[in-house]
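Chain identifiers are assigned alphabetically (A, B, ...) following the order of the sequence lines, protein sequences preceding nucleic acid strands; residue numbering begins at 1 within each chain.
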Amino acid sequence: MSVGFSKLYNKASKAFVQFFTGEVSIYPLAVLRILVCIILLAQAFAISGFLYEFYGEKAIIQNNLNEFFNFSYPVPRIHHLASFLGQYGMEFNKVVQYSFLFYIFSVSCLLIGWQTRIFAILTWLMQFVVMNSAVLSNYGIDAYMHYTLFYFSWMPIGRALSVDSMNTKKKIGWTPYVTISLRIFQLHMCFTYFVAGFGKSFGYMWWNGEAIWQAMMLPEYRQFDLSIMADYPIIAIFAAYFTLFIETFYPIFIWFNKIRLWWVGAIISLHLGIAVFQGLHLFGGIMLVLTLCVFGLDHNFDQYQWFQKVKKIFDNKIEPIINPNTSRN
Amino acid sequence: MILMKTRYKFLIVFGLFHIFLSISGCYRWNVFGEGYLGTAITHYQTYTGASGNFEFFAPNVSGIVRTMFDIEYEDGRMESQTYAYENVNSETRLRMGNIFTSFWDSDNDEGVRRSLAASWASLIFAKNPNSKKVTVKVQEFDLPPMGLYSEGIRSKWYDSYVATFTK
């Protein structure tokens, strides 16, 4: 019996080590970095015209009330910096403006992968400060960005598609550090989707389709007149069940090699639907990007015949154009 | 197979512990108590996003509110307006809408609601210098279920809170 247990333990240990240290591509994290930064910049651009309504001295929620809705212990906010610099004559709204510009600068440097580690840490901290400075305006995207940027602060996101990787003389590529980082991110994604789906399963609205009806028809989200669902409730019921299934079983089926791309496709369609039909463009975008990069790009595409054909076309037709000195003999 | 270096073991343990903290933060499990360790962990969770809740639209989809302002001017004119966030991009509209929805998050504390309403009224006074009275109306949206909608019953806004402020 102990021999059997010992064999099982050895097998499990090997699988565990392989899972966390087997070679993976360095590109998923790099592409994720770029796409997340693009979304952060789009978000910053979107609210830039109303900066002072959210963060200024005469914001929609004034600072003393902001404190009430904030955490029970101090967290850094732009207001603190503005109060400190106000002693030296700097205007409150000017501090807001310069803080925001610095945040955009930080995100831009992270996007191009210049001094990646430093700007990853700065972007994470700045996003935290910006989030806390108008806490009532936050929604789902802020929670996802927050933990993603924390991961960026210590994960090897600059090993490819970055200024740093082009400038360095050192040979950088895959190490187990990359795999461990990707796996931790993947496990975190599994947990967030399971929580989302499992939490919804306790709501009666998700079992009779009313959740989809409300989500599509409330004025805050409504983009199109989908009142036809009232006459054909099966549409809403199907969409609700699809959402529950895709989210709740994400942590299981995303790991099956043969099913992964289908699951990634289903998640992409779910979030495209959110972006198009609810107007949550940035939220739908970030959710789509996270799964696409973290799971979609971490996949063995060589198993597919269509990928082999594309590779052959690339090698035969495009490669000679890119590398004309390549010998074909 | 690569032999596991110590620093990789540390990374794996740290990463898995962080995920555990994310799960406990999401479900508000008080695993480490209220002492120094518990406080430190809570701060860590806050700074790293391990306290985030991902139960969006769960268990059900909440209704929405909007805030209308009835303005009475010194010359006797009356006007109704929102906070003018209808001609903005969707991201800004969503975030401003979240701020006004915070009214519901104040857990029926009349003092906080009054303070919020007063804060918004002061913004309206600042935007409209000739105004003398502002009535803040927080309205909830009543969307009938699909069955009733198909029978002809339609949505409407109704006042759930009204407060008047004068200069």
Side-chain angles (χ1 to χ4, degrees), chain A residues 14 17-18 20-21 43 46-47 49-50 53-54 58 60-62 65 68-69 71 73 75 128 134 136-140 143 146-147 150 176-177 180 184 187-188 191-192 195-196 199-200 202-206 209-211 213-215 217-220 227 229-231 233 236 279-282, chain B residues 1-2 4-5 8 11-12 15-16 18-19 22-23 26-27 39 42-43 46-50 52-61 63-64 66 83 85 88-102 105-106 112 115-116 119-120 123 126 141 143 145-147 149-150 155:
Chain A
K14 278 183 189 168
V17 171
Q18 176 62 21
F20 277 106
T21 61
Q43 185 185 56
I47 64 169
F50 297 88
E53 268 85 351
F54 289 119
K58 295 192 191 312
I60 299 173
I61 295 283
Q62 279 145 40
L65 281 176
F68 175 82
F69 288 103
F71 302 101
Y73 46 86
V75 288
F128 182 57
L136 293 177
S137 71
N138 296 338
Y139 68 105
H146 189 195
Y147 84 72
F150 167 68
Y177 185 22
I180 293 167
I184 295 297
L187 290 172
H188 199 132
F191 142 66
T192 62
V195 163
K200 288 180 175 76
F202 289 97
Y204 70 92
M205 280 188 181
W206 287 98
E210 284 296 326
W213 168 249
Q214 296 274 331
M217 293 293 285
L218 286 173
E220 192 165 328
S227 53
M229 280 195 289
D231 298 324
L280 299 173
H281 307 116
L282 295 181
Chain B
M1 185 181 65
I2 293 173
M4 191 92 82
K5 290 184 180 169
Y8 297 138
L11 256 177
I12 292 170
L16 291 175
H18 178 81
I19 290 175
S22 300
I23 296 170
C26 177
Y27 287 115
T39 304
T42 303
H43 278 72
T46 304
Y47 275 76
T48 63
N53 189 333
F54 303 100
E55 292 179 308
F56 308 117
F57 286 156
N60 293 305
V61 179
I64 59 164
R66 73 176 180 185
Y83 187 70
Y85 59 89
V88 301
N89 58 62
S90 59
E91 178 71 8
T92 304
R93 187 171 56 250
L94 183 66
R95 287 184 178 276
M96 284 192 177
N98 288 345
I99 292 175
F100 289 106
T101 306
S102 65
D105 294 339
S106 47
V112 172
S115 298
L116 277 170
S119 167
W120 298 333
L123 292 172
F141 189 73
L143 176 67
M146 286 185 281
Y149 194 95
S150 65
S155 345

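Within the 4.5 angstrom heavy-atom criterion, atoms from both the backbone and the side chain of Tyr139(A) approach chain B. Proximity to chain A (any heavy atom under 4.5 Å) is restricted, for Ser90(B), to the side chain, taken from C-beta onward. The part of Leu282(A) that comes within reach of chain B is its side chain, from C-beta onward, which places non-hydrogen atoms under 4.5 angstrom from that chain. Residue Ile180(A) touches chain B through its side chain alone, counting heavy-atom pairs closer than 4.5 Å. Heavy atoms closer than 4.5 Å to chain A are found in both the backbone and the side chain of Phe57(B).
Closest non-hydrogen pair, Ala143(A) versus Phe54(B), comes out as CB-CE2, 4.1 Å. The heavy-atom pair separating Asn98(B) from Ser137(A) by the smallest distance is ND2-O, 3.2 Å. Shown here for Ile184(A) and Ile12(B), the closest heavy-atom pair between the two residues is CD1-O, 4.4 Å. The shortest non-hydrogen separation linking Asp231(A) to Ser150(B) is OD1-CB, 3.5 Å. Between Thr46(B) and Phe128(A), the shortest heavy-atom distance links the atoms O-CE1, 3.3 Å. Considering all non-hydrogen atoms of both residues, Arg95(B) and Ile47(A) come closest at CD-CG2, 4.0 Å.
Under a 3.5 Å cut-off, the side chain of Lys200(A) and the backbone N or O of Phe56(B) do form a donor-acceptor pair. Asn89(B) places a side-chain N or O within donor-acceptor distance of the main-chain N or O of Ala46(A), the cut-off being under 3.5 Å. Distance alone, capped at 3.5 Å, places no donor-acceptor pair between the Asn60(B) side chain and the Ala211(A) backbone. Here the side chain of Glu220(A) pairs no donor or acceptor atom with the backbone of Ile64(B) at under 3.5 angstrom.
Of the listed residues Ser227(A), Ala215(A), Ala236(A), the one with more heavy-atom pairs under 4.5 angstrom with chain B than any other is Ser227(A). Per-residue heavy-atom pair counts under 4.5 Å with chain B were compared for Gly49(A), Pro219(A), Pro233(A), Ala196(A), and the maximum is reached by Pro219(A). Per-residue counts of heavy-atom pairs under 4.5 Å with chain A were compared for Pro59(B), Pro145(B), Ser22(B); the largest is that of Pro59(B). With respect to chain A, the highest number of heavy-atom pairs below 4.5 Å among Gly52(B), Gly147(B), Cys26(B), Ala126(B) belongs to Cys26(B). By number of non-hydrogen pairs under 4.5 angstrom with chain B, the leading residue of Trp213(A), Phe202(A), Tyr204(A), Tyr147(A) is Trp213(A).
To the nearest 0.5 Å, the span separating CD1 on Ile99(B) from CD on Glu53(A) amounts to 9.5 Å. Between atom CZ of residue Arg93(B) and atom CZ of residue Phe50(A) there is a gap of 10.5 Å, rounded to the nearest 0.5 Å.
Counting heavy atoms from C-beta outward, Leu11(B) and Tyr177(A) have side chains that approach closer than 4.5 Å. The side-chain heavy atoms of Ile23(B) and Val195(A), taken from C-beta on, include no pair separated by under 4.5 Å. A heavy-atom distance below 4.5 Å is not found between the side chains of Val17(A) and Tyr8(B). The shortest side-chain heavy-atom distance between Met229(A) and Tyr149(B) does not fall under the 4.5 Å cut-off.
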For this session: Show the numbers, then the answer: is there a side chain to side chain contact (heavy atoms under 4.5 Å, CB included) between Met146(B) and Glu210(A)?
Result: CA-CA 7 Å; Met146(B) 286 185 281; Glu210(A) 284 296 326; 3.6 Å; yes
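Between His188(A) and His18(B), the two ring planes are tilted [angle within 30° to 60°].
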